[in-house]
2 protein chains.
Amino acid sequence: MSKNVYFCLMYSFTEENYLKAIYKLQEQSDMAINTNAIATAIQTKAASVTDMVKKLSEKKLLKYEKYKGVELTHLGKRIAIETVRKHRLWETFLHNKLNFSWDEVHDIAEQLEHIQSQELIDKLDEFLGFPSHDPHGDPIPGRNGVIQQNNFILLSELSVGESGIISGVVNHSNLFLQHLEKNQLVLGKKLLVQEISAFDQLVKVQIEDKHLQQLSNEVVRNILVKKLS
Amino acid sequence: MSKNVYFCLMYSFTEENYLKAIYKLQEQSDMAINTNAIATAIQTKAASVTDMVKKLSEKKLLKYEKYKGVELTHLGKRIAIETVRKHRLWETFLHNKLNFSWDEVHDIAEQLEHIQSQELIDKLDEFLGFPSHDPHGDPIPGRNGVIQQNNFILLSELSVGESGIISGVVNHSNLFLQHLEKNQLVLGKKLLVQEISAFDQLVKVQIEDKHLQQLSNEVVRNILVKKLS
DNA sequence: AAATATTTTTAGACTTGTCTAAAAATGTAT
DNA sequence: ATACATTTTTAGACAAGTCTAAAAATATTT
Ligand SMILES: [Mn+2]
Ligand SMILES: [Mn+2]
Ligand SMILES: [Mn+2]
Ligand SMILES: [Mn+2]
């Protein structure tokens with residue numbers, strides 16, 4: 001490439017992916033992000049990461065000190081968040097308009113998020129009715145880069161007798177998403193915790209005032225709920 | 001790149017662009033396509049074209065003989081048509097759903113046409129109601145690669161007293177499209193040729209049984225109409 | 001047919017992004 | 001403090017795609 005000329009400053013497919021990965025790691029760990037973590041996240045080798053972070057550093061997208069890891073600059077964070085915004089808006093489009101299931105949208109959105117057009121994203125946002133969350137319950141950053149933080153809690157944190165509405169997932173793997181869908185554990189469903197087994201931690205929940213279901217520890221630790229009063 | 005693994009055979013952004021450009025040249029001229037023509041179409045240099053056609057030739061996407069120009073193979077043509085299909089479906093989406101005007105859609109579709117997902121295109125097609133034509137009146141190839149050929153004629157070919165419906169454009173430049181839009185000469189409008197000046201070839205047309213407009217030779221030679229009876 | 005002009009190809013270099021293997025730095029255990 | 005282990009960086013190479021300048025082939029004039 002290096003050919004396509006745009007009116008505004010542009011970052012490559014690859015640069016955006018690095019920034020997004022570093023941003024997500026930064027959200028989790030809060031410390032400087034080390035080379036290996038980035039390599040793992042982006043499925044590449046440490047040597048490649050070193051090369052790339054040098055370039056991103058020269059472009060003022062992150063601060064890099066040899067052997068000390070990296071930290072996004074304000075600009076780098078801004079680009080990362082814009083990419084997340086595009087990703088989640090496209091996921092919402094794919095799910096809400098094209099009827100893809102929530103486990104199918106991510107891979108396609110990984111491609112769509114790199115389409116360069118501010119106007120496209122604005123119009124897509126409007127077309128979707130300015131959604132606040134993507135199909136996995138993750139908040140969609142605003143045009144201004146502000147992310148409305150969820151106050152969801154883990155389903156595993158609910159006590160017996162408490163109820164909540166399924167509002168997100170921690171694990172985003174296709175396997176987990178398909179499992180939830182198969183068991184009708186989709187966004188918006190209301191759950192009431194009826195019993196938590198002292199022996200094996202199995203959680204018995206009542207779904208939407210109807211049937212009961214036993215949920216494994218693995219499942220309840222990966223579902224986010226909005227607690228009801 | 002070279003990283004993204006897909007389930008089916010994949011062609012790069014660049015390869016698709018070459019195939020599409022060669023396909024369009026082939027449609028026009030019907031002879032073997034020469035290096036310079038491709039270079040001009042794709043806005044690159046002849047030397048780059050030579051390199052690329054060698055690669056495409058090795059991949060059996062076209063037949064290439066030194067100094068003799070190139071010709072797409074069946075496979076190459078198939079990929080080119082698939083890319084055109086994607087391009088025109090995305091243009092239709094941008095126009096019909098996101099309210100982009102017909103002069104804004106092309107550049108964004110140039111990016112979107114390279115998104116890799118057969119299922120995405122199928123679902124987009126369905127979402128759009130299986131459109132037969134894009135916002136410029138160009139036919140959208142079917143899944144099977146068949147293109148329904150238009151039997152439109154140039155507005156300049158209509159005689160005095162004949163009428164037609166605006167159905168496409170020859171010139172796709174933004175300037176021309178904007179000009180037409182400004183003068184309400186959009187797809188679907190019915191025109192009646194009232195007078196053709198013997199002196200300067202200006203064509204006086206009546207638009208939708210209402211107001212009259214004088215159209216330059218340059219304009220009438222670039223509008224396609226479906227002739228009425 | 002020879003001279004001239006144009007087109008196409010080659011040769012060699014550059015950029016972006018990747019890799020492996022080796023070297024250097026940092027961290028941990030004894 | 002020394003040895004061992006891990007992480008990170010460097011060095012050098014590769015692939016895709018592009019470029020310029022020069023050489024080779026083809027086309028057009030005279
Ligand atoms: Mn996703
Ligand atoms: Mn998501
Ligand atoms: Mn177009
Ligand atoms: Mn079009």
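Note on naming: letters A, B, ... go to the chains in the order of the sequence lines (proteins, then strands), and numbering restarts at 1 for each one.
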*Let me know the distance between NZ of A:Lys68 and P of D:dT9, rounded to the nearest Å.*
11 Å

*asked:* Taking the nucleotide of DNA chain D with the nearest heavy atom to each, does B:Ser12 or A:Glu65 sit closer to the 5' end?
replied: A:Glu65

_Between B:Arg88 and B:Glu113, does any NZ, NE, NH1 or NH2 come within less than 4.0 Å of an OD or OE carboxylate oxygen?_
no

_Carboxylate-amine/guanidinium proximity below 4.0 Å for B:Lys227 and B:Glu157_ = no

*Rounded distance in Å - NZ (A:Lys55) to P (D:dT10)*: 14 Å

*Between A:His136 and A:Trp102, what is the ring plane arrangement, given parallel below 30°, perpendicular above 60°, and tilted in between?*
parallel

*Does B:Thr14 make a side-chain N or O approach to OP1 or OP2 of D:dG17 shorter than 4.0 Å?*
yes

*asked:* Does D:dG17 have OP1 or OP2 under 4.0 Å away from a side-chain N or O of B:Thr44?
replied: no

*May I have the distance from A:Asn17 (atom CG) to C:dT16 (atom C1'), rounded to whole angstrom?*
14 Å

*Interatomic distance, B:Leu19 CG vs D:dG17 P [rounded to whole Å]*: 11 Å

*Length of the NZ-P vector between B:Lys54 and D:dA15, whole Å*: 16 Å

*Once the angle between the rings of B:Phe93 and A:Trp90 is folded into 0 to 90°, is it parallel (under 30°), tilted (30 to 60°) or perpendicular (over 60°)?*
tilted

*Comparing A:Tyr67 and A:Ser48 on DNA chain C - which has the more 5′ nearest nucleotide*: A:Ser48

*Closest nucleotide of DNA chain C for A:Lys66 versus for A:Met52: which of these residues is on the 5' side?*
A:Met52

*Length of the line joining A:Tyr64:OH and D:dT10:C1', which is rounded to integer Å*: 10 Å

_Strictly below 4.0 Å: does A:Asn36 bring a side-chain N or O up to OP1 or OP2 of D:dT8?_
yes

